[in-house]
Asker: 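Got a structure here, written out as structure tokens. Questions coming.
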Amino acid sequence: MKTKDPQIISPGDHALVDQHIDNDAVDILRAIHSAGFKAYLVGGGVRDLLLGIQPKDFDIATNATPEEVRSLFRNSRIIGRRFRLVHVYFRRKIIEVATFRKGDNNVYGTVEEDALRRDFTINALYYDAESGEILDFFDGMQDLRNHMIRMIGAPMVRFEEDPVRMIRAIRMSAKLNLRIDKNISKALVSKKNLLLKVPSARLLDELIKCYYSGANLKLFALLQDFSVFGLLFPVYSDLQSELLGHSTHANLLKKAFIAADERVKQHKPLNLAFLFSILFWWPAQLNKDRFCSKKVREKAAFAMALDEIIAKQRSVISMPARLQNVIGEVSIMQYELLNMRKRSLERIVTKRFFRASYDLLLLRLESGEGNLQPVVDYWSAYKKD
Ligand code: ATP
Ligand code: MG
């Protein structure tokens, strides 16, 4: 694809004003500009504000080199080896300043080239705080008005370059209530297997962004619609027929997603291990029989089934040891909670993940698992908020 000249949207013709933007981001834009460089707010910061949504972070693009940016802000540091960026540090946030770059190489470029390498048209809107203008390179404003996610360039090619863009399209569609353009959907269907080539650490990062999107319910439904879910969570491909129409399992996931989305709304933290514990609960239940024997009791068999699932999962999404441990603790404690004896009480309620485990127990009850009411009643007296 060739670079394009942008449409220039004057201040009166769009709804973005400095007052909406984070003060520190505006200060950075001004300071870079005063030093004689160009600087724009770009990406999610512009897109979300135009949609009337509070952005998660503010990204800045400039023609100043990282060294030049670094020298302007005492509270900043150059990070990254392959492509270097500047992080400007504040008490509660980091603002990222990136030098215009060309393609996926580590070469600096012009603003036109910088726009071309971005994924979606709505992510290539550049706001100039000095003039109040927005540079719109690929009709992103029109796509925003139409609530549409459209790729810059050919989706097939852009997904081959970087398969993570597939998850980004799905995440943004769910989070921002945008429709996915049909060229993107088509390419997604044919290129989805490329996700398995993405380094597992990067998929973990992406999963975390999904979990914190506040739109899990919709997002996971979309991941399923596009058959990406079974790729990301291999046990779901293995148990496809067993899980299909399993209403208690479907309820458990649904209730957990709703609860997570509610927590994001209330700015409460989320526990990624809890998400995995929910996702793996029924798969491990369904698999545990294979491990049961005279010698191996149910709890131990469940633990083995869970280990097997985690081992396979790790080949797709990286799972740090700590994460695996917490999933194990939260899940296996389900069996200990059935043990309502005074003798074990102190040992159980003082466990680090007792609360998370109680929450899983409660969700299991609410999703329709039988016989758990007395257990929930018993432990609810000991849970702290
Ligand atoms: P949010 O921060 O809400 O998740 P965002 O669009 O700002 O959404 P970031 O990951 O912060 O996402 O990236 C900032 C910008 O960088 C994007 O808007 C996009 O222009 C560009 N970008 C990020 N990831 C990619 C990618 N994989 N391919 C092409 N461009 C990308
Ligand atoms: Mg962003």
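Source: prediction; values computed, not measured. All ligand and atom numbering here is 1-based and tracks the order in the structure. Note that these values count all heavy atoms, side chains included, but never hydrogens, waters or copies made by symmetry.
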Asker: State, without any angle test, whether D143 and T121 hold a side-chain donor-acceptor pair at a distance under 3.5 Å.
Answerer: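 A pair is found: one side chain offers a donor N or O, the other an acceptor, under 3.5 Å apart.
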Asker: Between D162 and ligand 1, find which residue part has any heavy-atom pair under 4.0 Å and reply side chain, backbone, both or neither.
Answerer: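 Side chain only.
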Asker: Answer side chain, backbone, both or neither: which part of K56 comes under 4.0 Å from ligand 1, heavy atoms only.
Answerer: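 Contact part for K56 vs ligand 1: side chain (C-beta onward).
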Asker: For Y126 and D136, which I'm curious about, is there any donor-acceptor pair between the side chains at under 3.5 Å?
Answerer: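 Note: Y126 and D136 side chains miss the donor-acceptor criterion.
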Asker: What residue and atom, counting heavy atoms only, is the protein's closest point to atom 15 (C) of ligand 1, and at what distance?
Answerer: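 Of the protein heavy atoms, R118 NH1, 3.5 Å lies nearest.
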Asker: Does at least one non-hydrogen atom of R47 fall below 4.0 angstrom from an atom of ligand 1?
Answerer: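 Checking ligand 1 against R47, which is what was asked, there is a heavy-atom contact under 4.0 Å.
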Asker: How are the rings of Y358 and F354 set to each other: parallel, tilted or perpendicular (split at 30° and 60°)?
Answerer: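 If you compare the ring of Y358 with that of F354, the planes turn out tilted.
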Asker: Taking only heavy atoms of D57 into account, list the atoms of ligand 1 that are under 4.0 Å away from them.
Answerer: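 Within the 4.0 Å cut-off of D57, ligand 1 contributes 2 (O), 11 (O).
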Asker: Would you say the side-chain atoms of Q334 and S357 include a donor-acceptor pair closer than 3.5 Å?
Answerer: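 Yes - a donor-acceptor pair under 3.5 Å links their side chains.
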Asker: With a 4.0 Å cut-off, would you call E161 and R158 a salt bridge?
Answerer: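 Answer for the salt bridge query: yes.
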Asker: Quick one: which ligand 1 atoms are inside 4.0 Å of a heavy atom on D59?
Answerer: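 Heavy-atom distances to D59 below 4.0 Å select 7 (O), 11 (O), 14 (C).
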Asker: Can you tell me if R202 has a non-hydrogen atom under 4.0 Å from ligand 1?
Answerer: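 The answer is yes: ligand 1 sits under 4.0 Å from a heavy atom of R202.
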Asker: Could an N or O of ligand 1 be found under 3.5 Å from any N or O of G44, whether backbone or side chain?
Answerer: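 Checking ligand 1 against G44, an N or O pair does fall under 3.5 Å apart.
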Asker: What I want to find out is whether R364 reaches E369 closely enough, with some N-O distance under 4.0 Å, to be called a salt bridge.
Answerer: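 So R364 pairs with E369 through a salt bridge.
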Asker: Is the contact between D119 and ligand 1 made by the side chain, the backbone, both, or neither, using heavy atoms and a 4.0 Å cut-off?
Answerer: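 It is both backbone and side chain that touch ligand 1.
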Asker: For ligand 1, is there an N or O atom under 3.5 Å from any N or O atom of R158?
Answerer: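 No; every N/O pair is 3.5 Å or more apart.
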Asker: Measuring from the Mg ion (ligand 2), name the closest N, O or S atom belonging to D57.
Answerer: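 For D57, the N, O or S atom at the smallest distance from the Mg ion (ligand 2) is OD1.
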Asker: Does K209 come within less than 4.0 Å of D205, counting only side-chain N to carboxylate O?
Answerer: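 Salt bridge between K209 and D205, a charged N being under 4.0 Å from a carboxylate O: no.
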Asker: Output the list of atoms in ligand 1 that are nearer than 4.0 Å to some heavy atom of K209, sorted by atom number.
Answerer: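 Answer, ordered by atom number: 10 (O).
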Asker: Is the F276 ring parallel, tilted or perpendicular to the F280 ring (thresholds 30°, 60°)?
Answerer: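 Judged by the thresholds at 30° and 60°, the geometry between F276 and F280 is tilted.
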Asker: Under 4.0 Å between a side-chain nitrogen and a carboxylate oxygen: does that hold for R30 and D18?
Answerer: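 Yes, charged N to carboxylate O under 4.0 Å.
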Asker: Taking a cutoff of less than 4.0 Å between a non-hydrogen atom of the residue and any ligand atom, is V164 in contact with ligand 1?
Answerer: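 V164 does not count as a contact of ligand 1 under the 4.0 Å cut-off.
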Asker: Could you tell me which atoms of ligand 1, counted from 1 in the order shown, lie closer than 4.0 angstrom to a heavy atom of G43?
Answerer: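 Answer, ordered by atom number: 18 (O).
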Asker: Considering only protein heavy atoms, which is closest to atom 17 (C) of ligand 1, and at what distance to one decimal place?
Answerer: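 The answer is R168 NH2, 3.4 Å.
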Asker: My understanding is that we take every heavy atom of each candidate and find the minimum distance to atom 4 (O) of ligand 1. Doing that for R171, E161, E96, R165, which one comes out nearest?
Answerer: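 Answer by nearest heavy atom: R171.
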Asker: Find, among atoms of D59 that are N, O or S, the one nearest to the Mg ion (ligand 2), and state its name.
Answerer: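 Output for this pair reads OD2.
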Asker: Examine the side chains of D377 and Q373 and answer whether a donor and an acceptor come within less than 3.5 Å of each other.
Answerer: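 Yes - a donor-acceptor pair under 3.5 Å links their side chains.
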Asker: Between D359 and K383, is the closest basic N to carboxylate O distance under 4.0 Å?
Answerer: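 A salt bridge is absent here (no side-chain N lies under 4.0 Å from a carboxylate O).
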Asker: Out of curiosity, is R117 lining ligand 1, as in a heavy atom under 4.0 Å away?
Answerer: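 Judged by the 4.0 Å heavy-atom criterion, R117 does count as contacting ligand 1.
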